[in-house]
Participant: 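Attaching a single structure in structure tokens format; questions to follow.
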Number of protein chains: 2
Amino acid sequence: MNDKPLDTKTRLLDAAERLFAERGFAAASLRAITAAAGVNLAAVNYHFRSKQALLEAVFARRLDWINRQRLELLAARQARARRRPPPLEDILEAFVGPAFRLRAELGATASSFQRLMGRLFIEPGENLQRILKEQFGGVAARFLPAFEKALPQLPPAELAARIHFMVGAIAHTLAGTNVMKVFLGDRCDVSDAETTIRRLVAFLAAGLRAPCAGRRARRSRS
Amino acid sequence: MNDKPLDTKTRLLDAAERLFAERGFAAASLRAITAAAGVNLAAVNYHFRSKQALLEAVFARRLDWINRQRLELLAARQARARRRPPPLEDILEAFVGPAFRLRAELGATASSFQRLMGRLFIEPGENLQRILKEQFGGVAARFLPAFEKALPQLPPAELAARIHFMVGAIAHTLAGTNVMKVFLGDRCDVSDAETTIRRLVAFLAAGLRAPCAGRRARRSRS
DNA sequence: GTCTATATGGGGATAGAC
DNA sequence: GTCTATCCCCATATAGAC
């Protein structure tokens with residue numbers, strides 16, 4: 001709507017954020033990004049070294065804020081629960097909430113970063129894996145033990161698998177690839193962030209707490 | 001292991017399947033694919049019209065079989081349950097099972113198609129969306145009503161959201177981007193297909209059956 | 001800091017010999 | 001059916017004028 005007089009660097013970050021999210025890293029060309037940003041092609045190489053460095057800058061700009069929020073929320077919930085492990089829903093809320101509240105907190109332009117963040121967990125490229133490790137190391141170090149303590153009865157391998165499923169559900173929802181819109185039609189209201197968070201937390205909490213499936217379900221007739 | 005004398009078309013399909021899965025559609029070049037297949041570059045344009053057509057052929061080759069399996073399994077479970085809706089676990093098993101049993105049923109070369117199938121639900125490109133709609137139309141038409149009947153107490157919007165979460169967890173697991181291996185380390189044993197299926201079904205069934213989260217936002221439109 | 005112009009390479013697709 | 005050679009476009013990155 002409003003063309004604020006943003007500097008070239010910010011315009012590039014905004015455009016890159018949007019196009020990387022929409023098309024993926026390989027398919028979003030610097031030509032398309034600079035055109036969308038309304039700046040010259042050579043500006044990419046002046047302000048950032050390369051396309052890869054631009055991508056990393058896009059991630060760093062948002063993830064610093066998001067992951068700090070996550071850690072603060074988790075710490076708050078843990079403090080509130082005193083020495084006992086906080087309820088699973090609180091841990092999930094602390095992890096999921098900040099990622100879905102980007103639009104409300106940082107404005108509409110930040111909302112496309114949600115999709116990009118979803119892709120971070122999904123695309124296998126060497127590029128993104130390094131970013132993932134660097135950016136999420138601290139978060140994983142605090143959240144994984146919290147999950148373990150909240151689900152003490154779960155065998156480690158089972159917990160690992162369920163966390164993998166959880167990441168998939170979160171990443172897919174963040175990525176916003178409304179695959180199901182084709183099949184579900186208008187029943188699929190993306191609605192507001194808080195509703196999505198509430199639904200996601202309820203789903204994940206139940207999944208994580210599922211009774212350990214009968215091992216080797218022979219004759220599972222159920 | 002054994003270099004069977006496969007014809008060019010099959011060699012191309014195998015190589016494309018693997019490289020599309022590993023690198024994504026845009027990043028897997030025809031030159032890399034033909035080199036991996038040990039055939040000439042021009043063979044792509046002789047046997048298939050274009051890169052896009054090659055991709056569609058890769059999907060069609062496996063999805064015909066997989067989705068037929070899904071429908072047969074669902075029909076069998078429904079028949080066994082007579083007029084009542086079959087249990088949720090049976091529906092999930094029918095949907096998830098065939099996708100994870102590719103290696104056992106079709107051999108090791110087919111296993112990389114699992115990752116490609118995961119990407120199908122994740123990548124937003126126009127290419128894949130069309131394939132998705134064509135290949136999964138029949139499956140969705142039978143499975144969605146089955147889920148509805150198995151979960152009659154769930155509001156449609158809530159069910160739609162949970163199916164979206166479910167697709168995310170399945171796609172991420174199929175895609176095999178073991179993001180969490182970085183953080184979970186050796187606890188993350190990919191193990192065998194049957195264990196993965198069992199864990200996934202247990203997780204999803206519990207998530208889908210979760211009690212409807214306390215509706216804090218009683219601001220429903222009407 | 002921002003532009004034009006270009007270097008350099010890789011991409012998909014095709015023509016035409018064999 | 002398979003090959004060589006090539007067309008033409010687009011990619012990233014950079015040099016050098018302003």
Side-chain angles (χ1 to χ4, degrees), chain A residues 3-61 116 119 123-131, chain B residues 3-61 116 119 123-131:
Chain A
D3 286 281
K4 281 170 281 187
L6 299 169
D7 60 342
T8 301
K9 206 166 177 175
T10 305
R11 294 164 67 92
L12 267 173
L13 285 171
D14 288 342
E17 182 171 81
R18 187 168 61 83
L19 289 178
F20 283 147
E22 287 176 359
R23 309 183 188 178
F25 180 69
S29 69
L30 290 184
R31 288 179 146 83
I33 291 169
T34 50
V39 306
N40 190 272
L41 172 62
V44 173
N45 245 275
Y46 177 79
H47 290 284
F48 311 89
R49 283 194 341 275
S50 63
K51 188 183 181 182
Q52 172 70 23
L54 174 60
L55 179 73
E56 292 175 14
V58 166
F59 274 110
R61 178 170 67 146
L116 189 56
R119 293 198 143 211
E123 293 204 17
E126 185 107 4
N127 315 328
L128 300 177
Q129 293 281 23
R130 211 181 65 240
I131 296 175
Chain B
D3 288 280
K4 282 170 281 187
L6 298 169
D7 60 344
T8 301
K9 206 165 178 176
T10 305
R11 294 163 67 94
L12 268 173
L13 285 171
D14 288 342
E17 183 171 80
R18 186 168 62 83
L19 289 179
F20 282 147
E22 286 176 1
R23 308 182 187 178
F25 179 70
S29 69
L30 290 183
R31 289 179 153 83
I33 290 169
T34 50
V39 305
N40 190 273
L41 172 62
V44 173
N45 246 275
Y46 177 81
H47 289 284
F48 311 88
R49 282 194 340 274
S50 62
K51 188 183 181 182
Q52 172 70 21
L54 173 61
L55 179 73
E56 293 175 13
V58 166
F59 274 110
R61 178 169 67 147
L116 188 56
R119 294 198 143 211
E123 294 204 17
E126 184 107 3
N127 315 328
L128 301 178
Q129 293 281 24
R130 211 181 66 240
I131 296 175

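What you see is a predicted model, and the numbers here were worked out from it, not measured in a lab. Numbered from 1 within each chain, the chains take letters A, B, ... in sequence-line order.
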Participant: Roughly how many Å is it from CZ in A:Phe20 to P in D:dA11, rounded to a whole number?
Facilitator: 13 Å

Participant: Please report, rounded to the nearest Å, how far the C1' atom of D:dT2 is from the CG atom of B:Asp7.
Facilitator: 14 Å

Participant: Nearest 0.5 Å please: distance from the CG atom of A:Leu41 over to the OH atom of A:Tyr46.
Facilitator: 16.0 Å

Participant: Taking B:Lys51 for the side chain and B:Val44 for the main chain, is one N or O donor matched with an acceptor at less than 3.5 Å?
Facilitator: no

Participant: Choosing from D:dG1, D:dA13, C:dG1, which nucleotide comes nearest the side chain of A:Asn45?
Facilitator: D:dA13

Participant: Might you confirm whether atom CZ of B:Arg49 has over 12 heavy atoms from other residues, nucleotides or ligands at distances under 6.0 Å?
Facilitator: no

Participant: Report the residue from A:Ile33, A:Asp7, A:Thr8 that forms a side chain to side chain contact (heavy atoms under 4.5 Å, CB included) with A:Val39.
Facilitator: A:Thr8

Participant: Output the rounded distance in Å from NZ (B:Lys51) to P (C:dA13).
Facilitator: 8 Å

Participant: At a heavy-atom distance below 4.0 Å, what parts of residues 30-40 of chain B sit against DNA chain C?
Facilitator: B:Leu30, B:Arg31

Participant: Closer than 4.0 Å, any side-chain N/O of A:Thr8 to the OP1 or OP2 of C:dG1?
Facilitator: no

Participant: List the atom of A:Thr34, the atom of A:Asn40, and the distance in Å for their closest heavy-atom pair.
Facilitator: CG2-O, 3.6 Å

Participant: Are B:Ser29 and C:dG10 close enough that a side-chain N or O sits under 4.0 Å from OP1 or OP2?
Facilitator: no

Participant: What is the separation between atom NE2 on A:His47 and atom P on D:dT14, rounded to the nearest whole Å?
Facilitator: 15 Å

Participant: Please report the closest heavy-atom contact between A:Arg23 and A:Ala28, naming both atoms and the distance.
Facilitator: CB-N, 4.2 Å

Participant: Please report, rounded to the nearest Å, how far the C1' atom of D:dA11 is from the CZ atom of A:Phe25.
Facilitator: 12 Å

Participant: Looking at CZ of B:Arg119 and CD of B:Glu22, how far apart are the two atoms once the value is rounded to the nearest 0.5 Å?
Facilitator: 9.5 Å

Participant: Which protein N or O atoms sit under 3.5 Å from an N or O of nucleotides 16-18 of chain C?
Facilitator:
none

Participant: Would you give the length of the straight line joining atom CD1 of A:Ile131 to atom CD of A:Gln52, rounded to the nearest 0.5 angstrom?
Facilitator: 5.5 Å

Participant: Given atom CZ of A:Arg11 and atom C1' of C:dT2, what is their separation to the nearest angstrom?
Facilitator: 13 Å

Participant: Can you tell me how far P of C:dA13 sits from CG of B:Leu41, to the nearest Å?
Facilitator: 10 Å

Participant: Rounded to the nearest 0.5 Å, what separates atom CG in A:Leu6 from atom CG in A:Leu13?
Facilitator: 10.5 Å

